[in-house]
Amino acid sequence: MDAPWLWLIPLLPFAGALLNGLLHARVLRARAAAGAGHPAHGAGHGGHGGHGDAAPHPLERWAGILGTLLVAGAFLVAVRAFFSLRGLEVHERVLRAPLETWIRSAELDVGWSLVVDPLSCTLVLVITGVGALIHLYSTGYMHGDRGYAKYFAYLNLFVGMMLMLVLSDSLVGLFLGWEGVGLCSYLLIGFWYEDGAKSDAARKAFIVNRIGDFGFLIGMFLLFWWNTGAPSLNLAQINQAAADGQFAPGVLTLACLCLFLGCCGKSAQIPLHVWLPDAMAGPTPVSALIHAATMVTSGIYLVARLSPAFAHAPGVLHVIALVGAATALFSASIALAQRDIKKVLAYSTVSQLGYMFLGLGVGAFGAAVYHLVTHAFFKALLFLGAGSVIHALAGEQDMLRMGGLRKYVPVTYRSMLLGACALAGIPLFSGFFSKDEILFSAATGPYGAGNWLLWLLGSAGALLTAVYTGRLLGLSFFGPERFDRQRVHPHESPRSMTIPLVVLAFLSLAGGVLGNLFLHPLEEWLHPVVGGATVVARGEHHAAHALEVGLLLFAAAVAAGGTYYGWRRFRTGVEAHERQLEQPGLLRTLADAWHVDALYDALVVAPLKRLAAGAAAFDTHVIDGAVNLAGAAGRAAGGAVRRIQSGFAAHYALWFSLGAAILLLGLWLGARA
Amino acid sequence: MPSALTAADWMLAAPLLWLTGAGVLILLIDALRPARLAEAVVALLGLTGAGWFVLPLLRESVSGFAAGGGAVPMLVSTPGLAALALLCLGSAFVAGALGLRRLVEYEGGRHGTAFWTLLLFCPAGMLLTLWSNHMATLFLGIETLSLPLYVLAALQRNDEHSVEAGLKYFLLGAFASGFLGFGMALVYAATGRMDAAAGQEAALGPMAAVGLGMLLIGLLFKAAIAPFHLWAADVYQGAPTPVTALMAAGTKAAAVAALFRWSPGIELLPPTAWAMLGTLTLVVGNLSALNQANLKRMLALSGVAHAGILLYALAANAAGLRTGGSGGEYADGPFQSLSFYLLAYGFASLAAFGALELLERHSGGRSDDDALRGMARRHPLPGAVLCVALLSLAGFPFTAGFLAKYFVFVELIRVGMTGWALAGILLTLLAFGYYLKALVNLFMREPGPQRPAMVPADAFAAAVLLVPAILSVVFGVWPAPLRL
């Protein structure tokens with residue numbers, strides 16, 4: 001069905017980005033006009049260091065309102081799209097907003113249109129819905145920051161790009177959004193760029209993502225070039241071509257592997273996970289929106305979107321499952337020993353993304369997307385809650401310097417408790433159902449004995465998840481107060497920040513119970529998009545009901561037990577824990593993230609730096625030398641030519657006559673011959 | 001000659017009559033009741049009206065004034081030539097808008113009438129030249145466009161550079177006209193023909209060959225092709241900047257388009273000869289521009305380099321004729337690339353010289369790098385126009401100048417002259433050296449001390465200048481409407 005109004009969905013946030021950008025320019029001019037009274041950004045503001053270091057310009061208030069309302073407007077349009085889809089027959093659930101051809105060159109014909117089907121509709125609802133809440137939260141969190149309007153311009157731009165990513169009907173458009181969100185991520189991680197560490201983190205994120213993007217591009221080229229049928233970059237046509245066997249088997253595997261490399265970069269999977277923990281340098285709402293709820297799940301979206309193609313490359317699915325399960329366990333272990341509350345959540349995000357890839361890898365595409373949605377709710381909630389805690393403690397992020405906060409920030413505490421339960425997988429919370437479904441699918445997957453290895457990795461990760469979640473709660477909200485009470489007076493955050501917390505807390509709870517007990521809808525809803533691929537990847541078989549119940553009970557026990565242990569262990573005795581973290585040992589290794597960064601430094605960064613130094617020397621001495629030589633030669637020749645230009649009309653006439661003589665002689669001889 | 005004019009004749013005559021009629025009207029106003037404003041209005045209306053009458057010619061080719069009641073029309077217009085005619089009229093309009101303050105009010109407004117009248121006669125000559133298909137109309141056209149330019153160049157008679165420019169242009173122009181006229185005589189003597197196709201005949205004797213060569217030299221001079229280009233730097237620099245804008249955009253278009261029509265057959269002048277001449281011009285123009293410390297002179301010399309690239313389009317045309325097939329007098333591709341290039345170059349030149357004129361009003365009339373240092377920052381509107389113009393001239397992507405070069409080189413490669421195309425592309429890279437240098441000087445240096453403004457810049461001139469600047473960008477991303 002044609003629905004040109006779909007363009008409103010990305011255009012509203014883009015308009016917001018433009019208007020807020022103009023607003024920011026205006027504010028800058030006003031500030032410049034007000035004189036140099038305001039010092040530049042003071043060095044070294046803490047986690048939310050922009051706070052309160054400049055009197056806000058009267059116009060700036062509108063930046064937040066505008067940004068939030070436009071994203072909320074996009075959400076309303078998305079809701080309308082949802083109901084339009086619901087009104088259609090199950091297998092006709094596709095809305096299109098076509099536009100001009102974008103690129104046409106020989107066989108390459110790239111359209112420029114938006115497609116809403118159940119999969120992209122789900123993603124769009126999450127992006128705009130959670131996005132609007134986080135925008136609202138940001139109006140409180142970023143209040144008084146010198147770059148307030150700029151922040152909303154970036155955040156709106158991000159939402160628009162993310163929407164292009166999920167709405168585009170071709171790999172090219174998807175890639176455009178993919179790069180766009182990468183850019184916004186870079187801009188927002190380095191939002192407080194005067195702090196060298198933060199801008200380094202931004203660059204790290206960008207560079208690591210480039211590696212993945214390189215894979216993405218190669219995959220895209222392979223899919224186009226080695227298509228023996230009618231080559232196309234249209235997503236639906238690629239899926240169709242894969243189903244029709246238009247790719248040689250090796251090519252499809254290679255292409256999917258390359259695309260998965262791209263997913264590894266964007267979705268922070270081993271070995272490209274290193275950028276995400278550092279990305280926490282950005283403002284906390286950014287971590288919630290970009291680095292937890294939406295952008296980092298693009299990899300999952302890509303695989304789910306191309307699931308029919310991936311299903312025909314079983315080897316790649318196997319790799320995805322293994323990488324996902326390994327990442328899930330590996331990052332959960334690191335999260336156990338982090339002191340920084342945001343770092344815990346960052347590694348937790350990497351770990352949860354690992355679960356999603358595990359789900360994709362075992363062919364349970366619907367389950368993976370389900371987990372994507374619930375994770376978006378509860379992880380955004382946890383990040384926003386963490387932001388609220390940090391706000392309350394005036395920038396403190398170290399959980400060992402918190403403690404006993406539950407009576408100071410009751411709303412934050414209660415909503416975070418719900419979010420933590422969902423993350424740990426406590427029964428009836430959303431995370432429990434989605435994670436359990438992934439683990440169950442792993443146990444009954446297509447890999448024979450390998451299934452149990454995947455399940456074991458996942459379950460071990462789930463146990464660790466429960467423990468670090470309990471630890472987070474215990475350290476920050478329970479036990480003795482370890483912050484400096486002379487200096488810090490914890491207070492609950494303003495309404496604009498707590499409302500999103502409450503809404504997300506409700507969703508974290510409802511996403512599970514309501515979703516599963518009443519409707520069990522998402523799987524069915526997504527069936528037209530990923531159902532076929534699931535059958536191809538997993539085959540038509542049904543596991544014993546008893547097994548399902550058994551695994552369910554086991555998972556529930558693991559979650560409850562782990563969380564309880566974590567909470568008990570870390571409620572008190574924090575000093576001993578701190579010593580453990582500082583002395584060499586297992587915990588110290590975990591705290592240092594298994595020294596992966598150090599390893600990369602030694603293996604990749606240092607050699608690259610040497611290579612770069614060599615290349616720079618070559619450039620200054622050889623290339624620049626050659627260029628300078630050419631320039632000098634050009635100038636010298638120009639000097640010679642200039643001498644002809646004497647300024648005397650008679651000399652000009654002489655050259656004229658000389659040229660004429662040669663030309664005429666040539667013509668004369670030519671005509672005689 | 002038939003007594004009655006046909007509809008086609010009228011279509012071609014209308015713009016010419018309108019221009020000359022407006023010119024005569026201005027003379028009458030001055031004689032009967034001098035009114036400066038009325039003269040300006042009549043002149044600008046005359047140019048606009050002429051443009052109005054050219055519009056229908058954009059749709060179809062028209063041949064008119066068949067000489068001797070027979071086969072050979074004296075004027076032939078095609079859609080591409082009509083677009084160039086509009087460019088000529090537009091450049092006269094821009095020159096008028098820019099000269100409104102500086103030239104009309106020079107010496108108490110004594111020369112206003114002369115300025116406006118000549119500004120109308122000059123484009124009439126350009127139109128004749130563009131459309132000429134007969135020696136009579138060609139000679140008439142060249143002389144009608146040149147004589148007003150000699151005077152306009154020297155209009156600021158208290159400025160020795162202006163006078164020098166006018167005199168030099170006149171002396172050398174007369175020299176070239178001698179070649180043009182004598183060449184025509186020789187061709188007529190040898191072949192008995194006076195139409196543009198005379199040179200296309202198969203076996204031409206030495207006399208006809210030399211005659212055609214001399215005719216061509218006359219045109220090469222007007223188009224400022226090396227080694228007949230030496231006048232260009234001094235004249236462009238010395239002439240008042242509004243006049244320079246007219247010369248750069250209008251004269252170049254008329255002369256090169258005439259060169260295309262009057263180029264002799266390929267037995268006489270093979271594609272390689274054109275390519276060699278083009279490369280020579282490109283090398284000489286670029287190398288001379290490279291060291292210039294004066295923006296106006298640099299623009300003049302870079303214009304020589306651009307003429308070199310235009311010769312590549314002629315080479316492609318000649319090669320297309322040789323391979324036969326789709327050749328013909330107006331084989332689409334090469335002529336399309338040529339006219340697009342002329343239009344792109346015309347827009348950019350008008351914008352560049354126009355913006356320069358506005359800046360000169362604040363630099364004490366100087367155009368050297370030192371005087372213009374940082375000026376674009378102090379005067380953002382002319383600065384932005386100049387920036388777009390220089391980027392388009394350099395051939396920066398997303399400007400018409402880039403596509404213009406692209407189209408010409410594509411034609412060249414299409415006919416198999418890849419080596420020449422490669423040489424041309426590498427040589428055009430040199431141009432970035434001086435265009436970017438000028439931009440750096442205009443934008444990235446600290447401005448010097450503020451000089452008193454000579455004549456205030458008026459909003460009308462600035463607004464008119466925005467048009468070619470915007471067109472330079474628009475046709476850089478959407479070239480289709482100009483591929484006539």
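Each chain gets a letter, A, B and so on, in the order its sequence line appears, and its residues count up from 1.
Neither the backbone nor the side chain of A226(B) comes within less than 4.5 Å of any heavy atom of chain A. Interface residue L268(B): backbone and side-chain heavy atoms are both found under 4.5 Å from chain A. Looking at L301(B), the atoms closer than 4.5 Å to chain A (heavy atoms on both sides) all sit in the side chain, from C-beta outward.
No more than 12 heavy atoms of other residues, nucleotides or ligands shown are found within 6.0 angstrom of CZ on R26(A). Summarising the local packing, CZ of R96(A) is surrounded by 12 or fewer heavy atoms from other residues, nucleotides or ligands at distances under 6.0 Å. For F170(B), the CZ atom counts as loosely surrounded, since its 6.0 Å shell holds 12 or fewer non-hydrogen atoms of other residues, nucleotides or ligands. Surrounding OH of Y188(B) are at most 12 heavy atoms belonging to other residues, nucleotides or ligands under 6.0 Å away. More than 12 non-hydrogen atoms from other residues, nucleotides or ligands lie less than 6.0 angstrom from CH2 of W7(A). Enclosure of atom CH2 in W5(A) by more than 12 non-hydrogen atoms of other residues, nucleotides or ligands within 6.0 angstrom is indicated.
You'll find the side chain of Y652(A) reaches within 4.5 Å of the side chain of K168(B), heavy atoms only. With contacts defined as side-chain heavy-atom distances shorter than 4.5 Å, the pair L667(A)/L269(B) qualifies. With a 4.5 Å cut-off on side-chain heavy atoms, L663(A) and L220(B) count as touching.
A distance of 10.5 Å separates CZ in F648(A) from CG in D234(B), rounded to the nearest 0.5 Å.
The candidate with the highest count of non-hydrogen atom pairs below 4.5 Å against chain B, out of A660(A), A637(A), G666(A), is A660(A). Annotation: maximal heavy-atom pairing with chain A below 4.5 Å, among L216(B), V210(B), L230(B), L287(B), occurs at L230(B). Between chain B and the options A649(A), G639(A), A653(A), heavy-atom pairs under 4.5 Å are most frequent for A653(A). No other option in G634(A), G670(A), A630(A) has as many heavy-atom pairs under 4.5 Å with chain B as G634(A).
Classification of the F228(B)-F656(A) ring pair by plane angle, with boundaries at 30° and 60°, yields perpendicular.
Side-chain N or O atoms of Q645(A) include none that pairs as donor or acceptor with a backbone N or O of S288(B) at under 3.5 Å.
When all heavy atoms are compared, the tightest approach of P227(B) to G659(A) is CG-CA, 3.6 Å.
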